[in-house]
Amino acid sequence: MSKKDNQTLSFSQSVNHMADRAFRAMDMAPDIAAAIKACSSIIQVNFPVNIKGKVEVFTGWRAVHSTHRLPAKGGIRYATFVDQDEVEALAALMTYKCAIVDVPFGGSKGGLLIDPSRYDRNDLELITRRFARELIRKGFLSPATNVPAPDMGTGQREMAWIADTYKLLHPEDINHTGCVTGKPVAHGGIRGRTEATGRGVVYAIREFFRHPEDMKSAGLKGGLAGKRIIIQGLGNVGYYAAKLLDEEDDAKIIAIIERDGALIKEDGLSVEAVRQYINEHKTIKGYADATFTENGLSAMELKCEILIPAAMEAQITAENAGKLKTNLIVEAANGPVTFEADEILRKAGVSILPDAYVNAGGVTVSYFEWIRNLSHIRFGRMERRFDETRGQHLISAMESLTNQTVPDWMRDEIVRGADELDLVRSGLDDTMRNAYQELSNTFHNNKNVEDFRTAAYVVAIDKISRSYFDIGVY
Ligand code: GLU
């Protein structure tokens, strides 16, 4: 599973070509289209860090694609293949993503060229704090203007270091915890953020299954139970998505594709067991309860109903797109299908739920976390006990009016006041469902729109262009 370097289009060209389909469908004036597509600013920083007595120079980027809403928002990835084009493409996807799910942020993305597995915890802390300092000093990180989050190769730990670095430099900023999202809960994070992107993917798929006309155009029938699913990447996003589909929806995860190969089992893998095995052995090789193949990408070509690429960009290309035997592709990663592959799949009638919608659950819950940080209070703290008391009164009233006892399970459900995790999941579900409905309406009612991806871009561009028209360009 490596990034393809034989692409004819770069990642950002691929994203722009996909957006162009929407601009054409909307008959958008070329000057406005150019303004929306342009990356507003990008910074490259090269900074030295003393790693165990030896100075190493690191290179990082932060791209701000749009500022029509502030802060600009998007993750920071640590990887060996990051470059300026990739960061710009991902920042553009953030702009469209935020607009699709009505998260009032601009789009941004950062990357650091590094192999994190080569460094220990102390080194990574030094490097992360130094990178954060560069971004803060140069105006590319603050709660008001630019708020990073986890992405590939980063997680809660790196976000805590970034938040602490900002706080040390700006102790007077009362909103300092809101300078980054995806923090540990003990450091201003929100419950449910880690699982949010994967959970959002599942909410998107469930909503798709509530739309018979969309299922029909994908050649699908019935519910999610028993559907054969292939998932590429059991990282943070892929793991939570696959786990929920396996355990809550009774879908069959028939293949899990990882860096070092694929596990295949026609009657369904246990996602949790595979994840435990990976945690222990750092590989899927040797997992007993499945067939292993070294050629991981070939497992994508197995017959299935749903294929979920949840690893990285450019995994479905002109080379393998024609060989896929799936009804529906659900893009949990950013940019897993190249523009050329997308053209092939469109012609072949494969339905694709696009990245900018499917994986927007992460930034949605980041938005909740940022609001929690600005309001300096945990969601549910004020009303939870009040709601519980009201629930108790309701039960007492029902019992005295009917002379019957309410069953325990019903009492528990009615009495329970919502805590932060309940509210986050409810907000995430609502967001994914509303966005799906907008997208599906556009797909069905706009005769110039032939696929979900173009529908998603039309929805996004419509909202973004409105803010250009309302405010004007100055
Ligand atoms: N890195 C995630 C993404 O690509 C999350 C971004 C965020 O929460 O700001 O959507």
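Remember, it's 1-based here, ligands and their atoms both numbered in the order they're listed. Heads up: numbering here begins at 1 and tracks the sequence.
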- Message: When you compare the side chain of Thr431 with that of Asp102, does any pair of heavy atoms fall below 4.5 Å?
- Response: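 They are not in contact (no side-chain heavy atoms under 4.5 Å apart), so the answer is no.
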- Task: Please tell me if the side chains of Met432 and Tyr357 come closer than 4.5 Å, counting only heavy atoms from C-beta onward.
- Result: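 Yes, their side chains come closer than 4.5 Å.
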For [atom], grab the closest protein heavy atom and report residue, atom and distance to one decimal in Å.
atom: atom 9 (O) of ligand 1; result: Lys73 NZ, 2.8 Å
atom: atom 7 (C) of ligand 1; result: Ala149 CB, 3.3 Å
atom: atom 4 (O) of ligand 1; result: Lys109 NZ, 2.9 Å

Which of the numbered atoms in ligand 1 are below 4.0 angstrom from a heavy atom of [X]?
X: Gly362; answer: 8 (O)
X: Met94; answer: 3 (C), 4 (O), 6 (C), 10 (O)
X: Gly75; answer: 1 (N), 6 (C)
X: Asp151; answer: 1 (N), 2 (C), 4 (O)

- Message: Ring-plane angle category for Phe452 and Phe208, please: parallel below 30°, perpendicular beyond 60°, tilted otherwise.
- Response: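 If you compare the ring of Phe452 with that of Phe208, the planes turn out perpendicular.
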- How are the rings of Phe368 and Phe379 set relative to one another: parallel (under 30°), tilted (30 to 60°) or perpendicular (over 60°)?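 Plane angle over 60°, so perpendicular.
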- Identify whether the distance between the nearest side-chain nitrogen and carboxylate oxygen of Arg77 and Glu313 falls below 4.0 Å.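 Yes.
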- Within 6.0 angstrom of Ile174 CD1, more than 12 heavy atoms from elsewhere: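 No, because the 6.0 Å sphere around CD1 of Ile174 holds 12 heavy atoms or fewer from other groups.
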- For atom NZ of Lys37, is the number of surrounding heavy atoms from other residues, nucleotides or ligands below 6.0 Å larger than 12?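 Yes, enclosed.
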- Query: Any N/O of Pro150 closer than 3.5 Å to an N/O of ligand 1?
  - Reply: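 Such a contact does occur with ligand 1.
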- Query: Going by distance only, is there an N or O of Ser366 that falls short of 3.5 Å from an N or O of ligand 1?
  - Reply: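 The answer is yes, given that Ser366 and ligand 1 share an N or O pair closer than 3.5 Å.
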Is ligand 1 under 4.0 Å from a heavy atom in the side chain of [X], in the backbone, in both, or in neither?
X: Asn334; value: side chain
X: Arg193; value: side chain
X: Pro148; value: neither

- Message: Run the side-chain hydrogen bond (donor to acceptor under 3.5 Å, both in side chains) test on Glu280 and Gln276 for me, step by step, so that the C-alpha distance in whole Å, both residues' side-chain angles and the decisive distance to 0.1 Å come before the verdict.
- Response: CA-CA 6 Å; Glu280 217 178 296; Gln276 294 299 337; over 6 Å; no
- For ligand 1, is there an atom lying under 4.0 Å from some heavy atom of Lys97?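 Yes, Lys97 has heavy atoms under 4.0 Å from ligand 1.
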- Six-ring centre of Tyr239, Arg275 cation under 6.0 angstrom, axis tolerance 45°: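 Pair Arg275/Tyr239 counts as cation-pi.
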